[in-house]
There are 2 protein chains.
Amino acid sequence: MGVIERIRHNVAAVELPLDRILKGDCVEHMRGLPDKSVDMIFADPPYNLQLGGDLFRPDGSQVDAVDDDWDKFDTFAAYDRFTRDWLTEARRILKDNGTLWVIGSYHNIFRVGTAVQDAGYWILNDIIWRKSNPMPNFKGTRFTNAHETLIWASKGEKARYTFNYRAMKTLNDELQMRSDWEFPICGGQERLKKGGTKVHPTQKPEALLYRILLACTKPGDVVLDPFFGTGTTGAVAKRLGRRWIGIDREGLYIEAAQERIAAALPLDESAVVTMQSPRAQPKVAFGLLIENGLLKPGTVLTDARRRWRATVRVDGSLEAGTESGSIHKLGAALQGAPSCNGWTFWHYEDANGLKPIDALRQTYLLATQP
Amino acid sequence: MGVIERIRHNVAAVELPLDRILKGDCVEHMRGLPDKSVDMIFADPPYNLQLGGDLFRPDGSQVDAVDDDWDKFDTFAAYDRFTRDWLTEARRILKDNGTLWVIGSYHNIFRVGTAVQDAGYWILNDIIWRKSNPMPNFKGTRFTNAHETLIWASKGEKARYTFNYRAMKTLNDELQMRSDWEFPICGGQERLKKGGTKVHPTQKPEALLYRILLACTKPGDVVLDPFFGTGTTGAVAKRLGRRWIGIDREGLYIEAAQERIAAALPLDESAVVTMQSPRAQPKVAFGLLIENGLLKPGTVLTDARRRWRATVRVDGSLEAGTESGSIHKLGAALQGAPSCNGWTFWHYEDANGLKPIDALRQTYLLATQP
DNA sequence: GCAAGCTTTGAATCGCATT
DNA sequence: AAATGCGATTCAAAGCTTG
């Protein structure tokens, strides 16, 4: 079945509000849609962040928190009820060979994943969106929260879902597409703004939806997004020749989404190129060599002429007498220089003499890069 | 408290089977351990029912591998009970400021995460272990499952957990450590083998435990691993000068673990030292700089961009027009910020330009420290 | 006009010791 | 137990201003 035939077939078979945004509660609107009628459901539900007081950056400016009412739930139990409700309707609407995608963070994704399994879906993969430019942890109290998690599930273990394996492999330079994807957060020209401020606090990047729709739908397939927001799903679906249905409560988001999707054009060659993520730069931190046993804490390093010496500590810092710091900082401090490339400055001794620690970095890269 | 003192203190305070492996069911053995007695629990529980074999109900009976829908529910329910049971005991044993780490895959991590939250733990981060050399998806039916997920949680929202921020930042070449970590899977010399075959199917890499223990424990802290397997947690704990307790049912794993840990060498105490936060440095009152002549009353200070200026008074307060106060208070007031670090906010002019007054503090510390 | 530097910002569960 | 004071804390990308 070709593209056009498929579209005609889908339209004829059921009465769906295709390529439209429905305003209101997502569960109520889903109740109005027929059984087994959509090919994919992409959902970006509220994360239930449970944020505390105000957060200030080191420079004194305030972080613009997600404090919208739609993200507030009284208890985990209330959030679980909400999740079960929309997942149940979604399952009824989904075709037997359709798939579900949900995105979330550690605040909600475990509850969502449990509910997905309890509702009878079969998880196919969890996917990590690694943010190339996440917001830092300003207070230095935790690890930088640098990713979000997506769940991809079919309606059951035996379902024959769509997975465009070749397309994914091609997109990834002839290597199987992995479960960790790197994209920047949504910003720049792509980020919808009104009067200088963002329209939606959590707009998703089109690159993310592009990969999902390309991987798991065929041209003409119908994608339902019950938390449509500013319509990333609709915009990408239109560009990729897929049909879409959006549901959202907020008139402001709906207006912005309609305008955006109207302006979206079917994809051309040049756009494909820009949508692809740049290949991740292999970057090796000095600490990795220690964690991986290429260099032992307690090892003594020297510069090439053995004028300075320092001892490696467990955290990858170096110690020289009363001074200590990273390989770069300590090298600079000892030389009285403004900066120093620790990789080429510091050397270790092996059977064949003195070698720069950069040699160990090369060894590590060779051992770990495909 | 130094390393040795800390170890003595911990040993004296409670009667723990330190640096030993307990053979048998983890929940039963945990019941024998005292309340609030360990600093960290690292758990690598069985991942899933469908993979079969090593999942047991709390009563010790084995869960059958089944694929019927209602049985699936039965299976999930059994897994949830099992998870709640060990998490509950773990919580009782954990010190109020201790933390929990759990590792899992999409088969079980959502259920575990939900149980962690329901038990009252407070999730601090979820961490992604990105495998640099994952097993490919042979059939080409899904994305390559190239990661596992870890959950890091405290006992509650207000708990004051250990996080060695500076050590992590140093380990990562002076950038904040992110929530996505890349390591190779466990192989090569590190992988325990007997007669050419691997001893344990899911042996974790030491690099993973190294980062966890370095980030979230102090030397001498006690780590409990209720699913000890071949003892990666124990081997790394010994290396890093931490104490450990392991629990496992399988005699084969216990033997291998004991041999392995006996062969592990503790690092020299000086190498275990990590970079400290400035908070751990001795405090210097601003007034000390004036009393010691490093800064003269009447000196004009400005911020880095010279937007505000203030005059140093004899008592170490600053004056700016009608406002005055400590270096911190005045900095905060002028910016309209809730707080301000006066040491880095205020600058003085010397021959080479504008410098933060923190430079003077460093000069003072260097001159007065032994 | 272009380069260099400065400013802003992004789904965030973001301090701690003393009084 | 609650309030107060000290002072620790950010990365990458985009947009804008200055030279």
Side-chain angles (χ1 to χ4, degrees), chain A residues 44-68 70-73 76 103-109 129 131-149 183-191 193 196-198 200-205 227 229, chain B residues 97 117 121-126 152-154 156-161 163 165-166 169 172-179 276-281 283-286 304-305 307 325-329 331-332 337-346 357-358 361:
Chain A
D44 181 10
Y47 286 9
N48 189 23
L49 288 184
Q50 303 179 266
L51 300 180
D54 294 339
L55 178 64
F56 293 87
R57 302 164 195 265
D59 68 3
S61 66
Q62 189 173 350
V63 174
D64 182 20
V66 177
D67 54 2
D68 307 70
W70 50 253
D71 196 49
K72 290 185 169 51
F73 295 83
F76 279 137
I103 183 168
S105 66
Y106 68 84
H107 309 85
N108 72 324
I109 198 64
W129 168 27
K131 302 180 182 184
S132 54
N133 51 348
M135 192 186 303
N137 181 288
F138 296 114
K139 301 292 188 190
T141 55
R142 304 177 180 194
F143 299 97
T144 305
N145 192 8
H147 73 274
E148 294 190 22
T149 301
F183 299 111
I185 57 177
C186 183
Q189 294 300 313
E190 187 185 326
R191 187 84 192 212
K193 289 183 183 161
T197 58
K198 57 194 176 192
H200 195 284
T202 71
Q203 186 182 336
K204 295 295 174 285
F227 308 95
Chain B
N97 291 329
Q117 289 180 314
Y121 294 92
W122 189 250
I123 297 181
L124 299 167
N125 276 119
D126 59 338
W152 177 40
S154 67
E157 188 176 354
K158 305 293 180 197
R160 297 215 290 250
Y161 53 90
F163 179 56
Y165 176 76
R166 276 301 326 172
K169 190 164 174 175
N172 195 37
D173 275 359
E174 294 301 321
L175 285 181
Q176 283 192 340
M177 188 66 82
R178 297 169 40 117
S179 57
Q276 296 296 306
S277 128
R279 188 180 295 283
Q281 291 178 1
K283 276 189 198 173
V284 177
F286 180 63
R305 285 177 264 162
R307 291 198 283 198
S326 72
I327 54 171
H328 313 296
K329 280 267 165 101
S339 67
C340 165
N341 182 348
W343 290 109
T344 51
F345 178 75
W346 292 109
I357 55 175
D358 198 38
R361 178 165 63 159

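Residue numbers start from 1 in every chain, and the chains themselves are labelled A, B, ... in the order their sequence lines are given, proteins ahead of strands.
As judged by a 4.0 angstrom heavy-atom cut-off over every strand, A:Pro205 is placed among residues making no nucleic acid contact. Residue A:Cys186 is out of contact with every strand shown, counting any heavy-atom pair closer than 4.0 Å. Among the protein residues, B:Arg178 comes within range of no part of the nucleic acid, since none of its heavy atoms lies under 4.0 Å from any strand. Counting any heavy atom pair closer than 4.0 Å across all strands shown, A:Gly104 reaches no nucleic acid atom. B:Gln176 comes within 4.0 angstrom of sugar-phosphate atoms only, judged by non-hydrogen atoms across all strands, and of no base. Counting any heavy atom pair closer than 4.0 Å across all strands shown, B:Asp358 reaches no nucleic acid atom. Counting non-hydrogen atoms under 4.0 angstrom, B:Tyr165 reaches the backbone sugars and phosphates but no base. B:Ile123 comes within contact range of at least one nucleobase, with a heavy-atom separation under 4.0 Å. Base engagement by A:Thr202 is indicated by at least one non-hydrogen atom pair under 4.0 Å involving a base atom.
Rounded to whole Å, the C1' atom of C:dT7 lies 14 Å from the corresponding atom of D:dT10. Comparing the same atom, P, in D:dA8 and in C:dG10 gives a spacing of 28 Å after rounding to whole Å. With C1' as the reference atom, C:dA17 and C:dT13 are 24 Å apart, rounded to whole Å.
Here B:Lys329 pairs with nothing under the salt bridge (charged side-chain N to carboxylate O under 4.0 Å, His left out) rule; sequence neighbours left out. Under the side chain to side chain donor-acceptor pair (under 3.5 Å) criterion, A:Gln203 pairs with no residue at all, not counting sequence neighbours. B:Glu157 is linked by a salt bridge (charged side-chain N to carboxylate O under 4.0 Å, His left out) to nothing, counting only residues two or more places apart in sequence or in another chain. With sequence neighbours left out, B:Lys169 forms a salt bridge (charged side-chain N to carboxylate O under 4.0 Å, His left out) with no residue at all.
When distances run from any side-chain atom of A:Ala65 to the nucleotides C:dA12, C:dC14, C:dA11, the shortest one goes to C:dA12. For A:Glu148, counting side-chain heavy atoms from C-beta on, the closest listed nucleotide (D:dT9, C:dA11, C:dT9) is C:dA11. Picking from D:dA12, D:dC6, D:dA8 the nucleotide with the shortest atom distance to the side chain of B:Ser326 gives D:dC6. Closest approach to the A:Asp64 side chain among C:dT13, C:dG10, C:dA11 is made by C:dG10 (side chain taken as heavy atoms from C-beta onward).
Using modelled atom types, one side-chain atom of B:Asn172 and one backbone atom of B:Leu175 make a donor-acceptor pair closer than 3.5 Å.
The side chain of B:His328 contributes an N or O atom lying less than 4.0 Å from OP1 or OP2 of D:dG7. Between D:dT10 and B:Lys169, a contact under 4.0 Å exists linking OP1 or OP2 to a side-chain N or O. Taking 4.0 angstrom as the limit, A:Asn145 places a side-chain polar atom (N or O) nearer than this to OP1 or OP2 of C:dT13.
Nearest-nucleotide positions on DNA chain D place B:Lys329 closer to the 5' end than the other of B:Glu174 and B:Lys329. Toward the 5′ end of DNA chain C lies the nearest nucleotide of B:Arg307, the other residue of the pair A:Pro134 and B:Arg307 mapping further downstream.
Residue side chain A:Arg57 does not reach the base of D:dT9 through any donor-acceptor N/O pair under 3.5 Å, judged by distance alone. At a cut-off of 3.5 angstrom, the base of C:dA11 holds no donor-acceptor pair with the side chain of A:Lys198.
Atom NZ in A:Lys139 sits about 15 Å away from atom P in D:dG7, given to the nearest Å. Here D:dA12 presents its C1' atom at 8 Å from CD1 of A:Ile185, a figure rounded to the nearest Å. One interatomic measurement links the two molecules: NE2 of A:His107 to C1' of C:dT13, which rounds to 4 Å at whole-angstrom precision. Atom-to-atom, CZ of A:Phe138 to C1' of C:dT13 comes out at 15 Å; the value is rounded to the nearest Å.
Taking the six-membered ring where tryptophan is involved, the planes of A:Trp70 and A:His200 are essentially parallel, since the angle between them stays under 30° and well short of 60°.
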Between the protein and nucleotides 13-15 of chain D, are there any N/O to N/O pairs under 3.5 Å, and if so, what are the atom names and distances?
unit_1, atom_1, unit_2, atom_2, d
D:dG15, OP1, A:Gln189, NE2, 3.2

Inset, instruction - Treat a base pair as Watson-Crick or G-U wobble with both distances under 3.5 Å, then lay out DNA chain D in dot-bracket form, 5' to 3', with | for cross-strand pairs. - result: .|||||....|||||||||

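With a glycosidic angle further than 90° from 0, C:dT8 counts as anti.
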